[in-house]
Amino acid sequence: MPPTAIEQTSAHPLDRIIRADRMPHIWCPGCGIGVAMRSYATAILESGIPEEQHVVVSGIGCSGRVAGYMNIDSYHTTHGRAIPFALGLKLVKPELKVTVFSGDGDLAAIGGNHLIHAARRNVDLVVICANNFNYGMTGGQLGPTTPFGARTSTTPYGNPELPFNLPYLLAAAGAAFVSRWTTLHPRQICEDVLYAFAKPGFSFIEVLAPCPVGFGRPNRIEEGLDEMELYRHRCVPADGIPLDQMGIDLREERPIYVGRLIDRDLPPYRLQVAPS
Amino acid sequence: MPPTAIEQTSAHPLDRIIRADRMPHIWCPGCGIGVAMRSYATAILESGIPEEQHVVVSGIGCSGRVAGYMNIDSYHTTHGRAIPFALGLKLVKPELKVTVFSGDGDLAAIGGNHLIHAARRNVDLVVICANNFNYGMTGGQLGPTTPFGARTSTTPYGNPELPFNLPYLLAAAGAAFVSRWTTLHPRQICEDVLYAFAKPGFSFIEVLAPCPVGFGRPNRIEEGLDEMELYRHRCVPADGIPLDQMGIDLREERPIYVGRLIDRDLPPYRLQVAPS
Amino acid sequence: MRTEIRVGGFGGQGVALAGYLIGKAASLYQDLDAVVTQAYGPEARGGASSADIIVADGPIDYPFLTRADVLLLLSQEAYSRYRWEAHADAVVLIDDGLVTPDGGDAPHGIRATSLAEELGRRLFANVVMLGFFSRVTGIVERATLEKALETTVPPRTLEMNLQAFALGYESSPETEPAA
Amino acid sequence: MRTEIRVGGFGGQGVALAGYLIGKAASLYQDLDAVVTQAYGPEARGGASSADIIVADGPIDYPFLTRADVLLLLSQEAYSRYRWEAHADAVVLIDDGLVTPDGGDAPHGIRATSLAEELGRRLFANVVMLGFFSRVTGIVERATLEKALETTVPPRTLEMNLQAFALGYESSPETEPAA
Amino acid sequence: MMNVFSRIPLDLAEHTVPRGHLFLIRERCKGCRMCVEFCPRQVLEESAEINAKGYHIPQIAEGRVSECVHCQFCTLICPEFAIYSLEVAA
Amino acid sequence: MMNVFSRIPLDLAEHTVPRGHLFLIRERCKGCRMCVEFCPRQVLEESAEINAKGYHIPQIAEGRVSECVHCQFCTLICPEFAIYSLEVAA
Amino acid sequence: MNGDQACAEGAIAAGCRFFAGYPITPSTEIAERLARRMPEIGGAFIQMEDELGSMAAILGASAAGARSMTATSGPGFSLMMENIGLGMMLELPCVVVNIQRGSPSTGLPTLPGQGDVMQARWGSHGDYGVVAYSPASPQEAFDLTVHAFNVADRYRLPVFLLADEVIGHMVERVIIPPEKEIELWPRKRPANGPSTTFEPFRADPDDLVPPMVHAGEGYRLHYTSLTHDERGYPEMSAEAHQRLVTRLVEKIRRHTQELTLFEASQLADARVVVVAYGCTARSAQRAVREARTEGIPAGLLRFISLWPFPEAVLRDAAQGADALVVAEMNLGQVAREVERHVTVPVHRVTRAGGEMMPPDPILEAIRRAANGHRADERPSA
Amino acid sequence: MNGDQACAEGAIAAGCRFFAGYPITPSTEIAERLARRMPEIGGAFIQMEDELGSMAAILGASAAGARSMTATSGPGFSLMMENIGLGMMLELPCVVVNIQRGSPSTGLPTLPGQGDVMQARWGSHGDYGVVAYSPASPQEAFDLTVHAFNVADRYRLPVFLLADEVIGHMVERVIIPPEKEIELWPRKRPANGPSTTFEPFRADPDDLVPPMVHAGEGYRLHYTSLTHDERGYPEMSAEAHQRLVTRLVEKIRRHTQELTLFEASQLADARVVVVAYGCTARSAQRAVREARTEGIPAGLLRFISLWPFPEAVLRDAAQGADALVVAEMNLGQVAREVERHVTVPVHRVTRAGGEMMPPDPILEAIRRAANGHRADERPSA
Ligand SMILES: Cc1ncc(C[n+]2csc(CCOP(=O)(O)OP(=O)(O)O)c2C)c(N)n1
Ligand SMILES: Cc1ncc(C[n+]2csc(CCOP(=O)(O)OP(=O)(O)O)c2C)c(N)n1
Ligand code: SF4
Ligand code: SF4
Ligand code: SF4
Ligand code: SF4
Ligand code: SF4
Ligand code: SF4
Ligand SMILES: [Mg+2]
Ligand SMILES: [Mg+2]
């Protein structure tokens, strides 16, 4: 049998939960954000919680465009402020499942303060962070997760800064649940989002995602596919590895730990109530 | 012999390093900030580094007034921005010893993002944080270190938020040196400031300090002295205690761990240099 | 009728509360209008502190003191600062345990802080002073000030507050001898 | 003399670079003034992309296209979007591997992307197109465009760039048969 | 170094194998080849054909049309919501 | 629970004991009593005297004037830069 | 009750059930009172990590359907500017209180100023319409807070209460009317439920305000801070931008009359009209009274709304006057607006702040104006 | 070279050796170029965690003695407002570049606007003087960046370069003069070394600018964002505040003439004067040329400096004219200033942004103005 064309169609099973009228999205070929988003979309459908009860809030960035593509109540706010916006929304309507979907720069650079304070308060939010090791949207600059020595458009001689180890930071700040996966793990992302939906308090799910245009090319990871291969070869389950070892380094010999990293019961944030 | 009056004088041995013309300072009776400041002042004198080479940068708060009382080059900036201001200054004149002296609210609430990013970059700064568990300056509100359940003017029914464990947070963010003392430990503070002066990279020294007016009174620690007694009874050396146990809790049975908590060699921040 | 009253002292002496109580008594429990304003020291506690009350029988436009008619002074600093800004014939009340009046001045003195200390808490010096003020000036009545205390202070401290007030009200309103 | 040139395609095709090279060649290496402007898609890559070059023999005020005299089109989308905004008699150059012209239109075609792919990197389609543009229009000369390449592209890619340019320049400038 | 990804095919092997039928929304595809590379059954390959945006869309490799086990990994890994498989009634 | 503060007096005991003479900048004192409470030799006590701001300043307790060992803890712990001891030539 | 507390009570009376703030003198008492009060009435009080977060949080709360508020002073107001712009763009009703102190920068934290009037108008990037009210007493702080919520909901934007430290900290009798006497305007809401044709940013042509949809109501709406079309979808075009931005400005400008609040006293025969607002108006009131006792026919136009600029009432008031006196605790921010709209000489009485402007300099300016002195040339750079 | 890159090269030519920034379209190319260039010349490039940090860092760098700069666009400019106020208060020279895009909020990130003109003047709380320049070509972006540093150092304040996306991204020939031909004004420094009587905030009465002392020079100086006296010590009094704030405003206002830059073309006989700036001035130039070919005596007054407002040159230019046309890519921000200073009709040509204003609407306004049409009433709220 010769090669066969795949049957063409114009609709996708997820079209009811994504804004199909806005497809194709703006993301580059090989970009991982779409995979992270579909994992979230799938979790919504599998959650058993009506779609009308789900809200997604994003900041600004390529990852921040997710809010614009999800066919649920969705807010595309300002750079770095998705978490406090989501917090206000959630406290007023605690019955809603409020998820923040945004990028490493949005959440951990300009939005870093809200991130650690929301984790500290243990507010009942699910935060999905698409970590592509750079600022994709603005053209591939240094971000707070860019590995030491990596090249970006603002570190042409190699990054002189050490990156955040996000799970460790979130653990220290007070998050109840932290996990890390890559876009090679769509099922696990979906599972952990589902788990986070059910878990009271602050959940943080880091999804490593290729950004071939911004991060990949300057660092000789030409295609999204190449970064996926890298994940395939270097991802290792984190079981038992201490949190301070979770940093990601580009050097070949270092593993990338993935899995559920923190899962603990801390009192979730409750508004003050006057004794009656 | 009957009680004797202490010999009166009008000058103090430290008057050359403090702005004696501005004494008495604005701090309340029993406030601990003065003790933390004098420990820093002593360290400057003992450092062997000429006083002209020392710079202090503060944010806004009672603790932030330290910059105004030190008789060295001193900058009293905006609330939360002492660290990036100091960073700019330091990068331009690396030969200066730049210390940031500010409060828990200034550094860890509004300034939290700069704090974690400066630690991540491991910029060569010494940060002294006078942690009095509240916002003293504005009259005793909730701060990011206010213990769970504590009363402040904005948590009249008890604090519903969990506080930061600052040493743990700083460790996760990337600081090279972290220690914690109280105002009962002026010698140790001085020693650790001296140590931090000599240590490349980011040092963070947390000094627990009584704020009887803001934090003490609503929490039945009426006087500065009472909080000092509490330190006397509950401070315990941190040796071997894991960082995630360093949180401070008001409940009687919990110890307050003090000592050098992190001391590690990480590459300190260096500006990018073009290969020649 | 517009009477301008200033209470002066340092932070922690309850100057603001004293001012508030006068204003509350006048505007809520007597048929007067009143405005209370307060001079803050630096943002923190511990600096100089004062509270001004304007009491009038009609709407008050400019809410600040132009020149005090009555002074309640709880510290030397307050005395030096405010005494001579006030009308020369102003009614001046001082804590004469803390304030030494200038030569030629003859304020009404009461050892408010010592009396409060005897009562057990020096923090009540302000309330002692209030009693004294009511007695000496009569601008605000004992009953309304006591009502203001009742509706303002924490219930568990009310008793002691009323005692402090009585101490001030009942002490003899002697004038300090002009030194 | 004011000539308005538009290069259109999608992100990643090097549209901006092509525009830049034309402008640089004209303004630095020929006795012309030039302005290059660029239409960004959304902030990210991957959307539609275009670059406009105004070439003139004197100062340029309004720096944008009013109506294109020359078009270099690297995608169908760009063709549909820009072709009929341009002068009807504009010189239209297309990558005819990617663009199917409308009925009645007779642009100059070259299989730029295929040629670049044959050379080893489809990314060089833009440079193939540049060569073709120089040959067909003569507005900017081969020598100055090559000089612009030399001073712009990373040295290690210069050789391949010059080959791509030559491929475009030397291919026969045939007009597409009007379909 | 234990490979996390390898779990997926491993698990699959233990089930009775279903069959899938593939669909593609041609104009959404950006030719990233994720589906091609990560199909555990090598069902897909890049075609020579390009869509309106100039991307090479995938096709079913020679002789592999019935190899699809409806594992849906192509569906999950396609960043474009472009390709998916539906289970074929056995 | 080991008490960190207790280190200070412990160390001191091992040295030959010097003597200190105390000084006070009266108008700086805010009567916080830190010097009084934390002097390891109970040299100080609160006096009845108050300064211009109304604070009770410390004084040397009955019979303790020569007990000062110049450990300087009062100097270190005074938040007001108000009290200090100087070593008396032995 | 002081002005801060009155403002807090006003919020509660207006049905505000979400407050997010960050302490700052002289606004802190608002937060402190609401920290105590909100939990009593089932509302939310949260102290955020900074003012950026406070502003974002009240927008989120608004999006969920609550009446929400924050309170700050100059430095915090500056920090809120980006997210105030977000509120304008997403058209999320809420109230932002600024108890002004001595500015710029940290300035005089405990002392009054009125230096943020122009900032309230222009502090965030780009063009958008603004509504701001300025109370002259604690009672008015209460009343205007209620009104600000009403206006915010009717016109869908963050509304500013621009008070000053004098009003915030001054204690005066405040009468809180019984609940049923407080007029509350409903938020503008869509007539019909979710449907595929519903466009959340399609404004009614008569008032230019789109009805508002909240999270969790089944509309599956999208709000974006990018320029958007009537569906709420991003649209990167000059046309969409022109349409949207013009509407954001026009929906306020067009309602200037409805939004204007002022108090005129003794204007009928006034030859010298004093314009003032906030605490300064109280001194102006006294200066006018004293001028009258001197036989000068002075009057007072007190602006209660500052934005949209009350130009019509200003022009009316200036009609019969020989001169205007504008008194304010900044270096002439409202005066420069006044100058745009009148032709008679404008005498500026300015103070940088730090203490309430006393009546004297205003009285003197009235005298100068009455004697036909030229207004001082003080072009503002 | 595009305008962004030209600006970066201008900074280097001006001796700027410290850049702290945060990427934002359309200013990012400035950061990217300096990331490459600074390390080549021993300067500092640092990408901060946000714009709050960027602004604070360049102030610290300035305090240490460096010429320092940051670059951003509307959203980041809003975030910088608090620390811009700090720079004004501490009188720390530096340059803040805003490459304007479509505003408000996230708006149109990749498309041009000129909507931040009033924000540049009033964006931080309180009163202070402001200097802003607006380039109309990449070459001018280079030249004005150099000039902005000079002005910053002479008058001790953060100076704004208010460019727009068109200029930032437009590629044109830029000539960089040899180093020795670039005029650099020195920062104003004290005549003598440290002494006990030196007062760091004592201004020279002739220019109102205090000489500047840097960290590490032995002065043991204190800088505070609180209101301060001449020693730099906090002073919480209305008098000190009045003295300080008035000086901050006056030191700029008084030098309006020296700070004003403009280009007049064909004004001598112009009956219709077009006022424009930045990219819009290029379209205005063409419109004027076309009007002339139609026989309309039009001329162009191009503002190069926007703040302090060039009122004198405006009045001069308006002298012989029958009408003014103000063209800008916002809803009339400079037009409202123009209206304050002239009596002839002012025709506004406004666009919210999203694409460069083409010459046509300007030409039409010129025609209308020439035919004596009334200016459209468009009172700005
Ligand atoms: C206040 C502000 N500063 C800067 C920007 C420009 N900006 C937009 S997205 C972005 C970075 C996004 O990075 P990240 O969150 O990692 O998302 P990615 O694009 O990588 O998915 C920046 C700096 C902005 N929009 N607003
Ligand atoms: C932008 C801004 N927000 C708020 C304030 C008000 N403010 C001044 S100091 C302070 C808190 C200080 O707390 P902390 O740093 O812990 O110092 P402390 O007074 O407790 O020593 C606040 C909220 C301010 N000055 N600027
Ligand atoms: S720039 Fe990077 S993150 Fe953004 S769409 Fe492209 S690949 Fe994805
Ligand atoms: S309020 Fe607290 S921190 Fe501030 S001076 Fe008083 S005791 Fe110290
Ligand atoms: S469903 Fe699985 S087996 Fe079938 S094509 Fe997709 S990835 Fe391959
Ligand atoms: S994964 Fe999707 S976008 Fe990528 S090649 Fe396959 S079908 Fe196309
Ligand atoms: S020096 Fe030591 S012993 Fe002497 S008084 Fe002070 S604390 Fe006591
Ligand atoms: S420690 Fe200092 S301030 Fe406190 S009582 Fe002693 S001398 Fe006075
Ligand atoms: Mg990213
Ligand atoms: Mg504190």
Side-chain angles (χ1 to χ4, degrees), chain B residues 16-17 19 21-22 26 50-60 64-65 67-98 110-118 120-121 123 269 271-276, chain H residues 17-20 35-68 70 82-83 85-87 89-90 92 94 194 200 213-226 228 231-234 236:
Chain B
R16 91 162 206 260
I17 192 79
R19 296 193 195 267
D21 53 345
R22 298 198 64 214
I26 63 158
E51 294 156 41
E52 290 70 26
Q53 305 266 97
H54 282 277
V55 178
V56 61
V57 182
S58 291
I60 302 294
R65 291 299 181 106
Y69 294 129
M70 292 295 303
N71 189 27
I72 55 175
D73 286 339
S74 52
Y75 298 86
H76 183 224
T77 62
T78 40
H79 193 32
R81 315 303 161 199
I83 287 179
F85 189 101
L87 177 152
L89 200 152
K90 173 75 185 179
L91 292 184
V92 169
K93 288 206 169 153
E95 68 275 19
L96 301 181
K97 261 300 144 216
V98 182
I110 194 167
N113 208 28
H114 308 304
L115 180 66
I116 58 175
H117 282 273
R120 173 176 67 75
R121 290 190 186 100
V123 190
Y269 182 76
L271 289 169
Q272 289 183 78
V273 184
S276 52
Chain H
R17 290 298 176 271
F18 187 90
F19 179 93
R36 190 168 290 280
R37 297 280 281 123
M38 282 295 187
E40 287 174 6
I41 57 170
F45 170 90
I46 184 163
Q47 185 179 311
M48 294 297 288
E49 50 276 13
D50 57 23
E51 289 89 349
L52 304 157
S54 304
M55 189 64 215
I58 70 164
L59 293 179
S62 173
R67 281 194 157 185
S68 62
T70 189
E82 199 209 355
N83 285 300
L86 177 65
M89 196 65 153
L90 303 188
L92 294 173
C94 57
V213 170
H214 301 148
E217 296 182 336
Y219 288 85
R220 300 180 179 231
L221 46 84
H222 182 53
Y223 280 76
T224 177
S225 61
L226 291 165
H228 42 271
R231 288 172 305 172
Y233 284 10
M236 302 293 95

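So you know, we letter chains A, B, ... as the sequences are listed, proteins then strands, and number each from 1.
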Check your understanding: For Arg22(B), is it the side chain, the backbone, both, or neither that has a heavy atom closer than 4.5 Å to a heavy atom of chain H?
Key ->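 Only the side chain of Arg22(B) comes within 4.5 Å of chain H.
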Practice item. Pick one of side chain, backbone, both or neither for Ala67(B), based on which atoms fall under 4.5 Å of a heavy atom in chain H. Key: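 For Ala67(B), heavy atoms of backbone and side chain both lie under 4.5 Å from chain H.
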Side chain proximity check, [X] to [Y], heavy atoms < 4.5 angstrom:
X	Y	result
Asp50(H)	His117(B)	no
Met38(H)	Gln272(B)	no
Arg231(H)	Asp21(B)	yes
Met48(H)	Leu87(B)	yes

Point to revise | Residue from Leu221(H), Thr224(H), Leu86(H) passing side-chain contact (heavy atoms from CB on, under 4.5 Å) with Tyr75(B) | key: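 Exactly one option meets the side-chain contact (heavy atoms from CB on, under 4.5 Å) with Tyr75(B), and it is Leu221(H).
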Practice item. Give the member of Asp73(B), Val57(B), Asn113(B) that has the highest number of heavy-atom pairs under 4.5 Å with chain H. Key: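 Result: the option with the highest number of such pairs is Asp73(B).
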Practice item. Could you walk me through whether Leu226(H) and Arg65(B) pass side-chain contact (heavy atoms from CB on, under 4.5 Å), step by step? Key: CA-CA 11 Å; Leu226(H) 291 165; Arg65(B) 291 299 181 106; 3.7 Å; yes
Exercise for review: Begin with the C-alpha distance, continue with both residues' side-chain angles, and end with the deciding distance and a verdict on side-chain contact (heavy atoms from CB on, under 4.5 Å) for Glu51(B) and Arg220(H).
Suggested key: CA-CA 9 Å; Glu51(B) 294 156 41; Arg220(H) 300 180 179 231; 2.5 Å; yes
Part of [X] lying under 4.5 Å from any heavy atom of chain B:
X	value
Ile58(H)	neither
Ala20(H)	neither
Ile41(H)	neither

Practice item. Show your working on side-chain contact (heavy atoms from CB on, under 4.5 Å) between Phe45(H) and Leu91(B) and close with a plain yes or no. Key: CA-CA 10 Å; Phe45(H) 170 90; Leu91(B) 292 184; over 6 Å; no
Review point. What is the minimum heavy-atom distance between Gly216(H) and Leu96(B), and which atoms define it?
Key: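 The pair with the smallest heavy-atom distance is CA-CD2, 3.8 Å.
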**Study point:** Considering all heavy atoms, the nearest Gly218(H)-Glu52(B) contact
**Key:**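 Minimum heavy-atom contact is CA-CG, 3.6 Å.
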**Study point:** Trace of the side-chain contact (heavy atoms from CB on, under 4.5 Å) decision for Arg121(B) with Ile46(H)
**Key:** CA-CA 11 Å; Arg121(B) 290 190 186 100; Ile46(H) 184 163; 4.0 Å; yes
